[in-house]
Amino acid sequence: MGGKQSLRFAAAALAAGIAWGYLRHRSDARAPVFALLQGLQWFVAYGGAIALLEIAQAVLEGPAEEADERVERITHFRQQVTERTGTSG
């Protein structure tokens, strides 16, 4: 999913979480607080936080870089070990 699409999905989860949290705790005096916490939990669980961070990073980086000026990021290292036994072959 794209950043904006997943943000919309997470926003829908936020609204559903608020509604569910309010219905679940409607007899409590702190029902709005519990509803907000439930909504935030669902927002984060459905990728809202990462979508916001991706959008913020894209805004900070500015327009897309040209193909010639791509930045290569190293995400992991692979180590290959070979064992030599002293015999050829």
Side-chain angles (χ1 to χ4, degrees):
M1 260 193 262
K4 289 185 179 181
Q5 189 177 14
S6 63
L7 186 60
R8 286 187 199 128
F9 182 68
L14 172 74
I18 289 173
W20 175 253
Y22 187 78
L23 287 174
R24 187 172 178 202
H25 298 283
R26 63 182 169 256
S27 62
D28 194 342
R30 297 173 293 178
V33 175
F34 286 128
L36 182 62
L37 287 176
Q38 183 71 52
L40 288 174
Q41 286 176 348
W42 285 16
F43 180 78
V44 171
Y46 286 95
I50 193 70
L52 287 176
L53 290 174
E54 286 175 352
I55 291 171
Q57 184 178 8
V59 168
L60 289 174
E61 288 178 352
E65 299 173 352
E66 294 183 18
D68 297 336
E69 299 179 18
R70 289 187 182 169
V71 176
E72 186 172 327
R73 296 182 182 154
I74 299 174
T75 57
H76 64 279
F77 294 99
R78 179 178 290 169
Q79 182 179 9
Q80 185 175 9
V81 178
T82 57
E83 185 177 325
R84 296 183 186 247
T85 59
T87 61
S88 61

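Along the sequence shown, the residues carry numbers beginning at 1.
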[atom2] on [Y] to [atom1] on [X], rounded to 0.5 Å:
X: Leu14; Y: Trp42; atom1: CG; atom2: CH2; value: 10.5 Å
X: Trp20; Y: His25; atom1: CH2; atom2: NE2; value: 9.5 Å
X: Leu23; Y: Gln38; atom1: CG; atom2: CD; value: 11.0 Å

Revision key, fill the gap. Under a side-chain separation threshold of 4.5 Å, the hydrophobic residues clustered together with Ile50 are none

Point to revise | Sub-4.5 Å side-chain heavy-atom contact between Phe34 and Ile18 | key: no

Revision key, fill the gap. Ala51 meets the side chain to side chain contact (heavy atoms under 4.5 Å, CB included) criterion, sequence neighbours left out, with Ser6, Leu7

Check your understanding: For Leu37, what residues pass the side chain to side chain contact (heavy atoms under 4.5 Å, CB included) criterion, not counting sequence neighbours?
Key -> Val33

Exercise for review: Of all the heavy-atom pairs spanning Tyr46 and Ala13, show the shortest one and how long it is.
Suggested key: CD1-CB, 3.6 Å

Check your understanding: Taking only residues two or more places apart in sequence, or in another chain, which ones meet Arg73 in a salt bridge (charged side-chain N to carboxylate O under 4.0 Å, His left out)?
Key -> Glu61

Practice item. Could I get the full list of ring-ring contact (aromatic ring centres under 6.0 Å, His included) partners for Tyr22, not counting sequence neighbours? Key: none

Side-chain donor-acceptor pairs of residues 75-82 under 3.5 Å, sequence neighbours excluded:
none

Check your understanding: Phe43 and Leu53: same hydrophobic cluster, using ILVMFWY side-chain contacts below 4.5 Å?
Key -> no

Review point. Under a single-linkage definition using a 4.5 Å side-chain heavy-atom cutoff for Ile, Leu, Val, Met, Phe, Trp and Tyr, are Leu52 and Leu36 assigned to the same hydrophobic cluster?
Key: yes

